[in-house]
Amino acid sequence: MLYYTIDAKKAQFVVLKGMSVKMEPSEIIYDHYKETDELRRNAQGKRDKSFLCVCILEAFSFFLLIKPEEALTIFLDGINSQWETSISFGLGVLQTLLWILVIYAAIQYIQSVLYVERSYRYQSKLEKELSQEIRKVISREGENYTDNYPMISNFIDLFYKMFCPILFLVINSVNIYKEWVQTPKVNFRLVCDTVLYIALFVILWFYFLKFILK
């Protein structure tokens, strides 16, 4: 998604249903602020859903790690009963499928987290501009919000952003290590799984780097 910088002093007119309607600079900023806030809230909802998907996939990945045969049976029984089919495949196929799903869900989650972070900073900037226009302090998502952030909220924030991704990375590292140990000869599936793991590792590395250097 793109951010647009608004020069409130120059943007005096907007087009509404083919007509030119005069608006005050504060109204323009406020409308843009409301739209930004709505987009952020939608991104937060998407972030929470993606996080839940990643948790479910990683929980199943951990179950596959400790009890592979049972995990495969449960997965096949669920697929066959849901779609009324008789699909059957081995652990290798399930593992590769799981890698693909984990990477996809992780990318969706990380994109949502980063977008929400950028939105908060951008809303803080809009609040300062709006405060200057109306000569009143507005800082619901800005300095007042961050200065009075509760400790428990900080912990939850770290749990979301740092602890869980580290835990997921550990689970996947153990998974790929076990695959290499249990595979007597390097094959195409193992190479594919390794490439997927490296991709996930790089994505998470840059994700951590983003928060460390911000």
Side-chain angles (χ1 to χ4, degrees), residues 1 40-83 85-119 155-214:
M1 295 186 181
R40 176 185 59 78
R41 292 179 185 276
N42 291 338
Q44 283 179 308
K46 184 179 178 182
R47 177 201 64 186
D48 295 341
K49 291 178 182 177
S50 298
F51 179 75
L52 181 60
C53 288
V54 173
C55 286
I56 293 173
L57 289 170
E58 292 294 354
F60 187 78
S61 180
F62 181 74
F63 183 52
L64 184 65
L65 185 66
I66 57 176
K67 294 189 176 181
E69 295 297 335
E70 291 183 25
L72 178 62
T73 301
I74 291 173
F75 182 82
L76 289 176
D77 288 345
I79 292 294
N80 290 329
S81 62
Q82 181 70 28
W83 292 339
T85 60
S86 56
I87 298 174
S88 180
F89 48 77
L91 282 170
V93 176
L94 177 59
Q95 185 66 70
T96 302
L97 176 62
L98 197 57
W99 278 114
I100 295 172
L101 293 175
V102 165
I103 290 178
Y104 176 78
I107 290 173
Q108 295 296 312
Y109 171 68
I110 289 172
Q111 285 180 329
S112 298
V113 169
L114 295 179
Y115 180 79
V116 170
E117 289 295 311
R118 291 197 305 270
S119 295
F155 176 78
I156 294 173
D157 194 53
L158 285 174
F159 181 81
Y160 256 115
K161 297 176 185 175
M162 301 300 289
F163 177 75
C164 285
I166 290 173
L167 178 61
F168 298 154
L169 185 59
V170 169
I171 292 174
N172 288 302
S173 297
V174 175
N175 251 330
I176 195 65
Y177 172 77
K178 189 176 179 181
E179 280 193 56
W180 274 92
V181 170
Q182 293 182 345
T183 305
K185 187 178 180 180
V186 177
N187 53 38
F188 179 74
R189 181 191 61 79
L190 182 60
V191 172
C192 287
D193 291 354
T194 304
V195 170
L196 291 171
Y197 167 76
I198 293 173
L200 180 63
F201 182 87
V202 171
I203 290 169
L204 289 175
W205 172 256
F206 281 106
Y207 169 76
F208 292 137
L209 201 62
K210 173 73 175 178
F211 283 104
I212 292 172
L213 299 179
K214 74 171 182 178

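Side chains are part of it too, since the values below use all heavy atoms of this structure and drop only hydrogens, waters and symmetry mates.
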Donor-acceptor contact present, side-chain Thr183 to main-chain Trp180, <3.5 Å: no
Side-chain heavy atoms of Tyr207 within contact of Val113, under 4.5 Å: yes
Closest non-hydrogen atom pair, Leu64 against Leu98: CD2-CD2, 4.0 Å
Presence of salt bridge, Lys210 and Glu117, under 4.0 angstrom: no
Minimum heavy-atom distance Phe208-Lys161, with the two atoms named: CE2-O, 4.3 Å
For Val116 against Arg40, the heavy-atom pair lying closest together: CG2-O, 4.2 Å
Exercise: identify the closest heavy-atom pair between Leu196 and Thr96: CD1-O, 4.3 Å
Phe63 CZ: over 12 foreign heavy atoms closer than 6.0 Å: yes
For Ser112, side chain to side chain donor-acceptor pair (under 3.5 Å) partners two or more places apart: none
Point-to-point distance, once rounded to the nearest 0.5 Å, from OH of Tyr115 to CD of Gln44: 10.5 Å
Sub-4.5 Å side-chain heavy-atom contact between Thr194 and Glu179: no
Euclidean distance, Leu167 CG relative to Asn172 CG, rounded to 0.5 Å: 9.5 Å
For Ser173, side chain to side chain donor-acceptor pair (under 3.5 Å) partners two or more places apart: Tyr197
Residue pair Pro68 / Leu91: nearest heavy atoms and the distance that separates them: O-CD2, 3.3 Å
Qualifying residues under side-chain contact (heavy atoms from CB on, under 4.5 Å), relative to Thr85, sequence neighbours excluded: Asn80, Trp83, Ile87
Phe60 atom CZ: more than 12 heavy-atom contacts under 6.0 Å: yes
Distance (rounded to the nearest 0.5 Å) between Asn175 CG and Asp193 CG: 9.5 Å
Report all side-chain donor-acceptor pairs from residues 103-110 shorter than 3.5 Å, counting only partners two or more places apart or in another chain.
| from | atom 1 | to | atom 2 | distance (Å) |
| --- | --- | --- | --- | --- |
| Gln108 | OE1 | Lys46 | NZ | 3.4 |
| Tyr109 | OH | Tyr160 | O | 2.5 |

Residues that Phe163 engages under ring pair (Phe, Tyr, Trp, His ring centres under 6.0 Å), provided they are two or more places apart: Phe159
Residue pair Phe168 / Val102, side-chain heavy-atom distance below 4.5 Å: no
With sequence neighbours excluded, residues passing salt bridge (Lys or Arg N to Asp or Glu O under 4.0 Å) with Glu58: none
Heavy-atom side-chain contact between Phe62 and Val174 under 4.5 Å: no
